[in-house]
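Down below is the structure, laid out as structure tokens.
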Amino acid sequence: MNANDVAAHWESNAETWTIYSRAGYDKYRDALNTPAFLRMLPPVAGLAGLDLGCGEGTNTRAVARLGARMTGIDIAPTFIRYARETEAQDPLGISYVLGDGQDIDFPTASFDFVTAFMSMMDMADQRQVLRGVHRILKPSGFLQFSILHPCFVPPTRRNVRDANGEAVAVQVADYFDETEGRIERWLFSGIPAEERASLTPFAIPRFHRTLTSWISMIVEAGLAIEAFGEPTASRELALAEPVVADTRVAPIFLHIRSRKA
Ligand SMILES: C[S@@+](CC[C@H](N)C(=O)[O-])C[C@H]1O[C@@H](n2cnc3c(N)ncnc32)[C@H](O)[C@@H]1O
């Protein structure tokens, strides 16, 4: 699958994704994944940052609120339009660029850091993305990204639940199947049934890589891994937001921070 096909899929997802994520239905992102990502992020106040695969910009704005001067890039025009509209209404100094993360054309050594929230497993050629990130980072600059956990969310994953519906185990398969744009179809799980009936599920091209592949690509790009994170819901969070309770059995997300030497 080429970048145009990936862009077309994300463009078709963008309207529903923006409306429902902004309405609070992306529980994994808002309750667990982004807070854990931000806790792991080094201080960024005063630094120039790029958010790769920024979507409608909620996470870009969260990093900007920590004091960074942010640029966001995304391949889907509708996401960029929503992000720019929000920036116009409530300015945080973010500029948004429509573009392909596999073909980053910002000047060499122009950013202190790069973030990528849940976007790099959606890019076909992560090796090229990582090389581009390395080029635009200043010396000692860092990349921090989150992805679906390669070990616990490979192409096939199923929660095993007890009689009360509680997740007690996870069944995984096809770990070594490095998919090239296999389409995954789903909607945010909390969307009420009557609304779901009128929505087209997201169609998400997935480019799964094994953990070994990720580590190899990061190291080959010239980045040194310095931190890992595997967010898990606390007992309190799992009670408050039951949808994220399965992250107490095994992680769904992997966070990696790496640095240019
Ligand atoms: C799962 S969404 C995450 C969006 C946002 N980072 C967030 O956390 O809410 C993945 C994003 O990656 C973007 N994307 C996918 N392939 C891309 C590419 N090659 N270049 C730039 N953005 C890309 C999609 O358009 C989408 O906005």
Side-chain angles (χ1 to χ4, degrees), residues 1-38 40-41 49-64 70-84 86-87 94 96-106 114-133 136 143-149 153 179-189 201-209 217 231 252-255:
M1 179 180 287
N2 64 32
N4 288 341
D5 295 329
V6 170
H9 281 294
W10 275 107
E11 181 57 16
S12 72
N13 297 332
E15 187 77 20
T16 303
W17 187 286
T18 303
I19 291 168
Y20 283 91
S21 67
R22 288 186 173 186
Y25 287 103
D26 192 350
K27 296 283 185 206
Y28 283 108
R29 180 186 75 173
D30 296 341
L32 179 75
N33 206 15
T34 295
F37 190 104
L38 296 179
M40 188 170 130
L41 195 68
L50 175 68
D51 189 23
L52 194 57
C54 62
E56 45 75 44
T58 292
N59 286 326
T60 324
R61 293 171 65 75
V63 180
M70 294 302 292
T71 301
I73 182 171
D74 201 278
I75 204 165
T78 295
F79 277 138
I80 292 295
R81 175 173 57 77
Y82 273 110
R84 285 179 179 154
T86 306
E87 173 64 19
I94 306 171
Y96 290 101
V97 177
L98 179 64
D100 183 354
Q102 298 170 122
D103 194 16
I104 303 174
D105 64 357
F106 296 104
V114 174
T115 51
F117 294 80
M118 301 304 291
S119 59
M120 283 182 47
M121 71 276 168
D122 298 333
M123 299 182 192
D125 191 346
Q126 294 108 345
R127 187 168 267 106
Q128 191 173 328
V129 175
L130 287 159
R131 278 197 216 109
V133 166
I136 62 167
L143 162 69
Q144 183 169 311
F145 67 97
S146 55
I147 49 176
L148 285 173
H149 200 304
V153 196
T179 54
E180 296 301 332
R182 199 186 78 161
I183 302 295
E184 298 189 348
R185 294 181 200 277
W186 51 273
L187 285 167
F188 299 129
S189 56
F202 304 131
I204 300 185
R206 171 109 184 262
F207 299 88
H208 164 71
R209 304 290 177 257
M217 291 188 292
I252 290 185
F253 309 106
L254 176 62
H255 297 180

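The model shown is predicted, which means the values in this text are computed figures rather than measured ones. Note: hydrogens, waters and symmetry copies are ignored here, and every other heavy atom, side chains too, is used. Whatever order the structure lists them in is the order used to number ligands and atoms, beginning at 1.
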Of all the heavy atoms in Thr58, does at least one lie under 4.0 Å from an atom in ligand 1? no
Winner among Gly53, Gly55, Ala83 once heavy atoms are compared against atom 6 (N) of ligand 1: Gly53
For the backbone of Asn13 and the side chain of Thr16, can you confirm whether one donor and one acceptor N or O come within less than 3.5 Å of each other? no
Per-residue contact class, Cys54 against ligand 1 - non-hydrogen pairs under 4.0 Å: backbone
Ligand 1 atoms nearer than 4.0 angstrom to some heavy atom of Asn59 are 7 (C), 8 (O), 9 (O)
Checking heavy atoms under 4.0 Å, the part of Asp74 that sits near ligand 1 is both
Which residue, Asn59, Thr115, Leu50, forms the side chain to side chain contact (heavy atoms under 4.5 Å, CB included) with Met70? Thr115
How close does the nearest protein non-hydrogen atom get to atom 23 (C) of ligand 1, and which residue and atom is it? Ile75 CG2, 3.6 Å
Tell me whether ligand 1 is touched by Gly99 - counting only heavy atoms on the residue side and a distance under 4.0 Å. yes
For the residue pair Arg29 and Phe117, establish whether any side-chain heavy-atom pair is separated by less than 4.5 Å. no
Write down the atom of Met123, the atom of Gly101, and the distance for their closest heavy-atom approach. SD-CA, 4.4 Å
Mark yes or no for whether Arg209, through its side chain, and Met217, through its backbone, hold a donor-acceptor pair below 3.5 Å. no
Quick one: which ligand 1 atoms are inside 4.0 Å of a heavy atom on Arg29? 9 (O)
Numbered atoms of ligand 1 (with element) below 4.0 Å of Met118, judged on heavy atoms: 1 (C), 2 (S), 3 (C), 10 (C)
Below a 4.0 angstrom heavy-atom separation, can you tell me which part of Thr34, side chain or backbone, both or neither, approaches ligand 1? neither
At less than 4.0 angstrom from any non-hydrogen atom of Val6, what atoms of ligand 1 do you find? 16 (N)
Is it true that Arg81 and Glu87 have a side-chain N and a carboxylate O under 4.0 angstrom from each other? no
Tell me, which protein residue and heavy-atom name are nearest atom 2 (S) of ligand 1, and how many Å apart are they? Trp10 CH2, 3.6 Å
If hydrogens are left out, which of Asp100, Leu52, Ile104 has an atom nearest to atom 19 (N) of ligand 1, that is, the closest non-hydrogen atom? Asp100
Step through it carefully: locate the ring centre of Phe253, locate the ring centre of Tyr28, and say whether they are under 6.0 Å apart. yes
Looking only at protein heavy atoms, identify the closest one to atom 12 (O) of ligand 1 and say how far it is in Å. Ser119 CB, 3.4 Å
Side-chain donor or acceptor of Ser146 paired with backbone N/O of Met118 under 3.5 Å: yes
Between Asp74 (side chain only) and Cys54 (backbone N and O only), is there a donor and an acceptor less than 3.5 Å apart? yes
For the backbone of Thr78 and the side chain of Glu15, can you confirm whether one donor and one acceptor N or O come within less than 3.5 Å of each other? no
Does Thr179 use its side chain to pair, donor to acceptor, with the backbone of His208 at less than 3.5 Å? yes
Check whether any N or O atom of Phe117, backbone or side chain, sits under 3.5 Å from an N or O atom of ligand 1, and answer yes or no. yes
Contact check: Gly101 vs ligand 1, nitrogen or oxygen atoms, below 3.5 angstrom: yes
Go through ligand 1 atom by atom and flag the ones less than 4.0 Å from a non-hydrogen atom of Phe79. 25 (O), 26 (C), 27 (O)
